[in-house]
**Q** 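Please find one structure pasted underneath; my questions will follow.
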Amino acid sequence: MGKKESKMHEKNLALVEGAFKKYYFDHFDQIHVPPRTSEREFGYQKFNLGMKRHLAIKNDQDLHLLLMTQIPSDVYCSNGYYSFPNLPMAEKDWKEADLIFDLDAKDLNLPCRKDHTCIKCNNCQNTSIYQTTCPNCASTKIEIKSVTCQNCISGLKKEVKKLLTILKEDLGINNEDIQVFFSGNEGFHVHVVNSQYQTLTRERTELIDYIMFKGAIPESFGFTKQNFSKTSFPEPDEKGWGGRVSKAIFNSKAKRTKAIQQILQGGYSVFNSRLEKLQNTIGIKIDPNVTADIHRIFRLGGSINSKSGLSKILCKDFVDDFDPYLEACFIDDEETQVLANCPVQFKLKNKKYGPYTNEKISVPKYAAIYMICKGLADAS
Amino acid sequence: MIDLGKEDLAKYPFLAEAGEYIRDRGFNLEEFGHSDFKPVLEKAYNRIQVATTGKIYNSDLHLDNLDSEILSFVISIIMLKSVGISSLTRRFSLAEARRAERYLQQDINRSKDSSRVELAFKILRDVFSIDVNIIHDDFVISVSDYVHRAIHFHEKEWKLVNRRVENGLVYLNSHETVRLIRRELDNYINSKIQSVSIPSVPKAFDEYVSILRSLAKKFTSTFEISTEYPPCIKHAIEVLDKGENLSHSGRFMLATFLLTKGKNIEQIVPLFKNAPDYNEKVTRYQLEHLAGKTGAGKKYSCPSCDKIRSEDLCFEIPECNNIINPLQFGKKRIKNA
Ligand code: SF4
Ligand SMILES: [Zn+2]
Ligand SMILES: [Zn+2]
């Protein structure tokens, strides 16, 4: 549910809606209502229209009917369970909520980012490679558009793996209660059902800080302000943050004595700021607002993401060779003409596209839709 | 149901079983007016009086004493009901909660006497719905049970990230385990007291009731918490009011804030009365110092929001409106909005 995108032109709309409709028609098999459907709130958005929320949906048939008749740009379902999901928020009677996590490539902020990011000016519609003002009209009202990047995806996969370890080993969540999805754009969503955390409300912030490694104090590693010498620093093979911090500081036992000696010399506040910095390297980069939200409507698995035309799909037994730009791309490859203004190259289904400067081109429909959804091409 | 001995009832007189025991023994309110019960009334009064000083009442668990221990708790409640001053009741329930906490901690530590440990665990389970288990020498509870309670503590050591967490369990020592439920224990005892209704009390109670009433007046602070105070200040006052410990920087913040707002030392001193380490002389001296009335006469000012934030004493709400010092709270208006 990002910020309001600029409205889509009629020709683009016809092309994209047609493609979305075909997707929904051909792929009912991978779009399902989640368990305990009747307790969930659903919502959807249509192109160029606002969000409709507070809907109740009974089963797959109902959902499919909605998809066919409304052709939504985006479909959402609550992580929360309610007695009356279709009433206004205050009357819904919240019962519990699944734990959800959003890991987004932009939060990783990898060095490769600038190579696959471009800008589109809201003032003159000009597109160009990444910079802070529009090179055409000098406006600062620009939208940042990022396209496919395998490096970002592998970075995210590492992050998801680290998250899964914490969820399972630290927080005791069963493997079968965890689902990992590709978000449909440039992120991953992790859903946890049935855990001991379902009924937590604002206490979720404690889980978030734990996962992000926020707020750790030297005392937890055996240092107090008064006493630096009697350290009982954790061993790298210990479970939880103790072990992970040790691993980050002196990954082998041989280096332990020296590393601890250094910490002792630095003193309390130096170690304190070191712990703070470790947040960036060993803390998991989840979006804290998503996990804290117990009333969120979250993109529905199997639905198509209007930011890209790719689908939010389940990554069964989350594996290294999962390639979302291949596996989440379901729109067909019918040759389609567009006028492309795409200053950066992207890759879908193992094929490279762009960069294009105001070029009339013919590309497979999925690539055309991808660019139109990003605002980097127009149907012609 | 917990299978409790008489000593257990004396330690945990707020449990339903203690009430049953008294009923089974056929005691009634009338009887307590009899001069035979004078020592028990004395004890009951003492229990409350001790609570008002912020100390914890020490029970004598000698076998001959157990009945009067159990009864004195009940009589304390009757007295409190007759006095009818809720701040007095609160103080009593907190002191009793801390007293029970002590026994719980002793009981769960008796690893050699497994029935003691079992009893303490049962109380935690039946009354507070927390499952405690032992792994090697540690006590473990589920992460969700833990964060549900620890979120009310403001010291960083209680943050989940500063705990040993494994397989959905948090590892604690005995002290931490029982400390976690103090607030609930306090509320539990307090609600027990609220739910009791007594028709009329024997004459013998009158004397105690009137002493307690004047006692309550003396320590009830006449301090009104203005709704215009920022959350950090409200929180600090709340902490003190509950008899919990407020850090040095918390006290500094509170005192400098109130002094700048024009409160005088006479008005501020009573706020600190419930602090576990309260000493009127010292408090007075410190306040005078902050107000610039001693030594070099330097007047201290209220710390900035940034500083307060770094000390974990900030509880920012939208109304804080990006101010940089709590003193600005409620003053800053959005211009051109
Ligand atoms: S923002 Fe400032 S005034 Fe508001 S709670 Fe935090 S410290 Fe207090
Ligand atoms: Zn421009
Ligand atoms: Zn990248």
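Both backbone and side-chain heavy atoms feed into the values below; hydrogens, waters and symmetry mates do not. We name chains A, B, ... by the order of the sequence lines, and we start the count at 1 in each one.
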**Q** Taking side chain as everything from C-beta outward and backbone as N, CA, C, O, which of these in A:Arg202 sits under 4.5 Å from a heavy atom of chain B? Side chain, backbone, both or neither.
**A** both
**Q** Checking heavy atoms, do the side chain of A:Leu171, its backbone, both or neither come under 4.5 Å from chain B?
**A** both
**Q** Nearest heavy-atom pair of A:Tyr210 and B:Val161: which atoms, and what distance?
**A** CD1-CA, 3.5 Å
**Q** How close do B:Asn162 and A:Ser220 get, heavy atom to heavy atom, and via which atoms?
**A**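 Nearest pair, atom of B:Asn162 first, then A:Ser220: OD1-OG, 2.6 Å.
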**Q** List the atom of B:Lys159, the atom of A:Asp209, and the distance in Å for their closest heavy-atom pair.
**A**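 Between these two residues, the closest heavy atoms are NZ-OD2, 2.7 Å.
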**Q** Between B:Gly168 and A:Gln196, what is the shortest heavy-atom contact and its length?
**A**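 For B:Gly168 versus A:Gln196, the nearest heavy atoms are O-NE2, 3.1 Å.
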**Q** Say you draw a straight line from CD of B:Glu155 to CD of A:Glu219; how long is it, rounded to the nearest 0.5 Å?
**A**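 Between atom CD of B:Glu155 and atom CD of A:Glu219 there are 12.0 Å.
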**Q** Nearest 0.5 Å, what's the CD-CZ distance between A:Glu238 and B:Arg164?
**A** 7.5 Å
**Q** Under 4.5 Å between any side-chain heavy atoms of A:Tyr197 and B:Val147, yes or no?
**A**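 SC-SC contact between A:Tyr197 and B:Val147 ruled out.
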**Q** Counting only heavy atoms closer than 4.5 Å, note whether A:Thr205 contacts chain B via side chain, backbone, both or neither.
**A** side chain
**Q** In sequence, state the C-alpha distance, the side-chain angles, and the governing distance for B:Val165 and A:Trp241, and then conclude on side-chain contact (heavy atoms from CB on, under 4.5 Å).
**A** CA-CA 8 Å; B:Val165 179; A:Trp241 282 121; over 6 Å; no
**Q** What distance separates B:Leu160 CG from A:Ile208 CD1, expressed to the nearest 0.5 Å?
**A** 11.5 Å
**Q** Do A:Asp170 and B:Asn167 have side-chain heavy atoms sitting under 4.5 Å apart?
**A** no
**Q** Distance from B:His148 atom NE2 to A:Glu206 atom CD, nearest 0.5 Å?
**A** 13.5 Å
